[in-house]
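Chain letters run A, B, ... following the sequence lines, proteins first and then strands; every chain starts at 1. Every heavy atom of this structure was used, including side-chain atoms; hydrogens, water molecules and symmetry mates were not.
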Amino acid sequence: MPELPEVETVRRGIAPHLEGARIVRFEARRADLRTKLPSQLAARVTGRRVTAVRRRAKYLLIELAPRSPAGAEVMILHLGMSGRLIVRPIDATPPGKHEHIAFATDRGMEIRFSDPRRFGVLDLVALDALDADPRFAPLGPEPLSREFTPEFLVQTLAGSRTTIKAALLDQHRVAGIGNIYACEALFQAGISPRRLAGTVGQARATRLVAAIKDVLSRAIAAGGSSARDYVQSSGEAGWFQHSWAVYDREGRPCPGCDCGGSVKRVVQAGRSSFYCAARQR
DNA sequence: CGGTTGCCCTGGGGGC
DNA sequence: TGCCCCCAGGGCAACC
C-alpha cells in the first residue's frame, strides 16, 4: 500500500508508542514474508529498548539500544504492497488471518504487522552496517530533502533513455516515490509520463521537483491528520484517504483546467500510468 | 551496462 | 449468485 507519505504517516503514528519503550514480547506467526525472517529474531529483540523510529525511502527503521554482546541494531521494516501496522492496547484479541507479526511494549501497547500479500520485509541489522547495506547504499536522495534540487534531477536524468515515469520509480535516482505519486507529480508539473527522461531540462525539472515536494508534503499532511484514527483503531480506519487528480481516474475529465482532455491510462514497464495527453507534454 | 520483463503472494472487483 | 480473469501503491533476479 505505502509510498513515502504513507510510510511517513505510519512512522509518526508509531513513534510516540515506541521511542523510549522496551519490547517485552515478540512473536512471528509465520516467517515467510518476501524474505525469510532472521533466525532467533524474537530472542534478539525481546527486552531491547527502542531508541528511535526513523524512515528512509519506503523503509521504517526501528532502532534498538545496545545489549551486550550486540551493539545498537535496527529493525528494518518494509510494508510491501499490502502491509500495515496496527497499534492497540494489549488484550486477548486473537491475531487476524494476515497479522503475521506482533510485538508488545512495556507501555501496554501492541504493534501488529498485517500483510495479506506477504511482500513485506522485516530484518535486523547492526546500526553501523546500515549505510553499507545493499538495500540502502544505492538509494537516491530523499525527495523532501534539500539535496533534491532541479539541478540534481537534471543531472541524474542526463543521458537516460528510459521514460521520466520509470525514472521517478527508480529508487536509485530518488527514493520513496511510487506509482501513485509519480503519476500525480507528473500531472501537476505538466510533463508526460512518456517523455524520455534525458529530455527533461532545467525548466521542466524545476516544475517537477516542486510538484514532487508539493504532492508528497500534502499527502503527508493529509495522512497526518488522520494518523490518530489509524493508531486508535484496529487498522481499518481510513488513514489512507487521499484524493487523486489522475491516478485511477481513467476516462474522467482532466481536472483543474479547460483543456478538454480526459485521463488516459497506459502501461509502462508493467505499471499503469494515468495522465492527460492534452496538458502533459 | 542500462533498461525491460516476470515473479513473489492474496484478495477484491468487474464482466459474463 | 458464481466463476474467472485481471488488477493492485514494491522490489529484485533474470533476461535482452
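For A/Leu33 and C/dC12, the CG to P distance is 15 Å, given to the nearest whole Å. What separates CD of A/Gln171 from C1' of B/dG3 is a distance of 16 Å, to the nearest Å. Rounded to whole Å, the distance from NE2 on A/His172 to P on B/dG2 is 12 Å. As a whole-Å value, the separation of A/Leu168 CG from C/dG10 P is 12 Å. Summarising the geometry, the separation between OH on A/Tyr247 and P on C/dC7 is reported as 12 Å, rounded to the nearest angstrom. Between the CZ atom of A/Phe274 and the P atom of C/dC7 there is a distance of 11 Å, rounded to whole Å. Rounded to whole Å, atom C1' of C/dG10 lies 10 Å from atom CG of A/Leu169. When the P atom of C/dA8 is taken as reference, atom CD of A/Glu250 falls 10 Å away, rounded to whole Å.
Pairs engaging residues 133-146 of chain A under the salt bridge (charged side-chain N to carboxylate O under 4.0 Å, His left out) rule: A/Arg55-A/Glu142, A/Arg56-A/Glu142, A/Asp123-A/Arg135, A/Asp133-A/Arg135 [sequence neighbours left out]. Applying the ring pair (Phe, Tyr, Trp, His ring centres under 6.0 Å) definition to pairs two or more places apart or across chains, none involves residues 140-178 of chain A. Residue pairs meeting the salt bridge (charged side-chain N to carboxylate O under 4.0 Å, His left out) criterion with at least one partner in residues 263-281 of chain A, sequence neighbours excluded, are absent. The stretch residues 193-215 of chain A participates, sequence neighbours left out, in these salt bridge (charged side-chain N to carboxylate O under 4.0 Å, His left out) pairs: A/Asp214-A/Arg218. Listed by first and then second residue, the side-chain hydrogen bond (donor to acceptor under 3.5 Å, both in side chains) pairs that reach into residues 20-29 of chain A are A/Arg25-A/Glu27, A/Arg25-A/Glu110, sequence neighbours excluded. Residue pairs meeting the salt bridge (charged side-chain N to carboxylate O under 4.0 Å, His left out) criterion with at least one partner in residues 150-179 of chain A, sequence neighbours excluded, are A/Asp170-A/Arg173.
Secondary-structure annotation of DNA chain C gives the stems B:2-8 with C:10-16, B:10-16 with C:2-8, with a stem taken as at least 3 successive Watson-Crick or G-U pairs whose two distances both fall under 3.5 Å.
Looking only at distances, a side-chain donor or acceptor of A/Arg11 sits under 3.5 Å from a matching main-chain atom of A/Val53. At least one donor-acceptor pair under 3.5 Å links the side chain of A/Glu184 to the backbone N or O of A/Val246.
If you take atom P in B/dC9 and the same atom in C/dA14, they sit 16 Å apart, rounded to whole Å. Rounded to whole Å, the P atom of C/dG11 lies 23 Å from the corresponding atom of B/dC1.
Membership of the apolar cluster around A/Leu127 extends to A/Tyr59, A/Leu61, A/Val74, A/Ile76, A/Val125, A/Leu130, A/Phe136, A/Leu139, as traced through chained side-chain contacts below 4.5 Å between ILVMFWY residues. Taking Ile, Leu, Val, Met, Phe, Trp and Tyr as members and joining any whose side-chain heavy atoms lie under 4.5 Å apart, directly or through other members, A/Val121 forms no hydrophobic cluster with any other residue. A/Leu169 belongs to no hydrophobic cluster with other residues, because no ILVMFWY side-chain heavy atom falls under 4.5 Å from its own, directly or through intermediates.
Dashed line: the shortest gap from a side-chain N or O of A/Ser160 to OP1 or OP2 of B/dG2 is not under 4.0 Å. Between A/His78 and C/dG11 there is a side-chain polar atom (N or O) within less than 4.0 angstrom of OP1 or OP2. Side-chain nitrogen and oxygen atoms of A/Arg271 include at least one within less than 4.0 Å of the OP1 or OP2 phosphate oxygen of C/dG10.
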ask   = Can you give one letter per nucleotide of nucleotides 4-12 of chain B, 5' to 3': B if a protein heavy atom sits under 4.0 Å from the base, S if only from the sugar-phosphate, - if neither?
value = SS--BBBS-
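Within a heavy-atom distance below 4.0 Å of DNA chain B, no residue of residues 131-145 of chain A is found.
In this structure, A/Thr163 OG1 and A/Leu196 CG are separated by 7.5 Å, a value rounded to the nearest 0.5 Å.
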